[in-house]
Amino acid sequence: MNGPSLVSTSPLRLGISSCLLGQEVRYDGGHKRDRFLTDVLGDYVMWVPVCPEVEIGLGTPRPTIRLERAEDGSARLVMPSSGEDLTDRMQDYADDRIRRLEKHDLAGYVLKKDSPSCGMERVKVRDPNGMPARNGVGTFAAELLRLAPDLPVEEEGRLNDAKLRENFITRIFAYQRWRDLEQAGPTRRRLMEFHAAHKYVLMSRNQAGMRRLGRLLGETGRADSVREVAVTYRTGFTEVMRRAPGRKGHTNVLRHLAGYVSDGLDPDDRSELTESIGQYHAGLVPLIVPVTLLRHYVRKFEIDTLQNQVYLWPHPHELMLLNHV
Ligand code: SF4
């Protein structure tokens, strides 16, 4: 990744459902290796594998377990063959395991879809009549989302969608930069630099949210605790970043960025840039086309305010994520 000087030098660590790495930990002794995660993203991250069902002692192979809706509306994790209710055991284990994961400084987490333990959404839950509805969250995943609300979390199934994949990977690199800032110790200057570097990443998702975060930092008085401001900022940043930007949001940012370089362009180059943004907006070329042109001009004209823009260099170029959105 060549671009922002804010690029993290620490290794990026992601939690992951072990079966996605090819570990044979599923109930039937099999795995669900995901080639994108192991063969592509794996070159840029260190995985921290967790199999909640094995780690609570269910063994491999093991009888199947599932979610069942109790009379009080809660979802219980149950082993139908024995009738055992594993919910409390899984929740206690999850609370302890997730706290222990903190020492790994995770930048994100990839969960296995549809699993009654690991699934993040739309997991099958049987109602008291045995009718299934896809409205559950795996018991381990629910604790992860509760205890680490700002951590970027995705399911491997959703990562097959180019837009969601690009968003998740932008988020994990942004989260890692945030972790670096927290470790260095939040100061007003570091918060402002972080916000400035992510300005257009935020704008592409939610312009009002980007401004709100800017005001939060701008209006902070000297008497306010920087640490408290940082916590509020992190929550707001997470909210804005959760949403993958659409073509309209990207086009708006591309036009803003073009405004910085267009004065230095001759008429041919200016119309080429305008045309490429228009073609992206119309869905005729991927985002990488106008972004590559903008990167080139930002370097050529040495535009300081854009040299550190994460929007132009959000993740390693070799992942080619901007070629598919
Ligand atoms: S989905 Fe979760 S619990 Fe099931 S095998 Fe994979 S890691 Fe283990």
Side-chain angles (χ1 to χ4, degrees), residues 12-42 45-69 74-104 106-126 132-148 151-161 164-165 168 172:
L12 209 73
R13 289 194 197 84
L14 299 188
I16 187 167
S17 299
S18 309
C19 55
L20 294 174
L21 292 182
Q23 295 184 10
E24 294 174 338
V25 289
R26 297 218 342 136
Y27 70 96
D28 58 0
H31 63 80
K32 282 283 177 184
R33 181 172 177 182
D34 183 289
R35 294 271 168 198
F36 169 72
L37 297 174
T38 58
D39 300 358
V40 182
L41 190 56
V45 305
M46 287 170 64
W47 297 113
V48 180
V50 177
C51 176
E53 292 176 21
V54 166
E55 292 187 17
I56 63 166
L58 294 182
T60 307
R62 57 185 171 273
T64 53
I65 59 178
R66 69 186 190 197
L67 290 177
E68 293 184 0
R69 189 70 63 200
S74 65
R76 310 297 300 178
L77 186 66
V78 174
M79 184 178 280
S81 60
S82 64
E84 192 181 355
D85 186 329
L86 299 161
T87 317
D88 294 346
R89 190 162 141 200
M90 180 62 89
Q91 282 174 339
D92 289 348
Y93 150 79
D95 289 0
D96 176 60
R97 186 68 163 105
I98 292 160
R99 287 184 211 287
R100 280 189 287 124
L101 282 173
E102 279 173 20
K103 74 170 189 299
H104 292 285
L106 298 183
Y109 208 110
V110 184
L111 290 163
K112 171 76 189 73
K113 75 179 173 110
D114 295 336
S115 155
S117 302
C118 293
M120 186 179 87
E121 60 177 32
R122 295 171 45 77
V123 178
K124 217 186 273 176
V125 188
R126 306 230 170 218
R134 285 205 164 269
N135 57 10
V137 179
T139 310
F140 178 83
E143 290 302 293
L144 177 67
L145 297 171
R146 183 176 72 80
L147 292 171
L151 187 72
V153 179
E154 259 304 355
E155 292 186 329
E156 98 289 0
R158 283 168 50 92
L159 292 178
N160 290 325
D161 178 306
L164 298 180
R165 176 185 291 192
F168 177 65
I172 60 176

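Both backbone and side-chain heavy atoms feed into the values below; hydrogens, waters and symmetry mates do not. Start at 1 and go down the list; that is how both ligands and their atoms are numbered.
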Per-residue contact class, R62 against ligand 1 - non-hydrogen pairs under 4.0 Å: side chain
Contact partition for C51 relative to ligand 1, non-hydrogen atoms under 4.0 Å: both
Side-chain heavy atoms of M120 within contact of R158, under 4.5 Å: yes
Student check: side-chain heavy atoms of W47 and V110 closer than 4.5 Å: yes
With side-chain contact (heavy atoms from CB on, under 4.5 Å) as the criterion, how do L41 and F36 come out once you've worked through the C-alpha distance, each side chain's angles and the decisive distance to 0.1 Å? CA-CA 6 Å; L41 190 56; F36 169 72; 4.1 Å; yes
Under a 4.0 angstrom heavy-atom cut-off, which atoms of ligand 1 come close to [X]?
X: S115; result: 1 (S)
X: S17; result: 7 (S)
X: S18; result: 7 (S)

Contact check, V50 vs ligand 1, heavy-atom distance below 4.0 Å: yes
E156 near ligand 1 by a heavy-atom separation under 4.0 Å: no
Trace of the side-chain contact (heavy atoms from CB on, under 4.5 Å) decision for E143 with D96: CA-CA 10 Å; E143 290 302 293; D96 176 60; over 6 Å; no
Checking side-chain polar atoms at under 3.5 Å, does R89 have a donor or acceptor matched by the opposite partner on T87? no
Between the side chains of E53 and Y27, is a donor N or O closer than 3.5 angstrom to an acceptor N or O? no
What I want to find out is whether R100 reaches E102 closely enough, with some N-O distance under 4.0 Å, to be called a salt bridge. no
Just going by heavy-atom distances, which of K112, Q23, K113 is nearest to atom 1 (S) of ligand 1? K112
Atom 6 (Fe) of ligand 1 - nearest protein heavy atom and its distance: C19 SG, 2.3 Å
Is the distance from atom 2 (Fe) of ligand 1 to the nearest N/O/S atom of C118 under 2.8 Å? yes
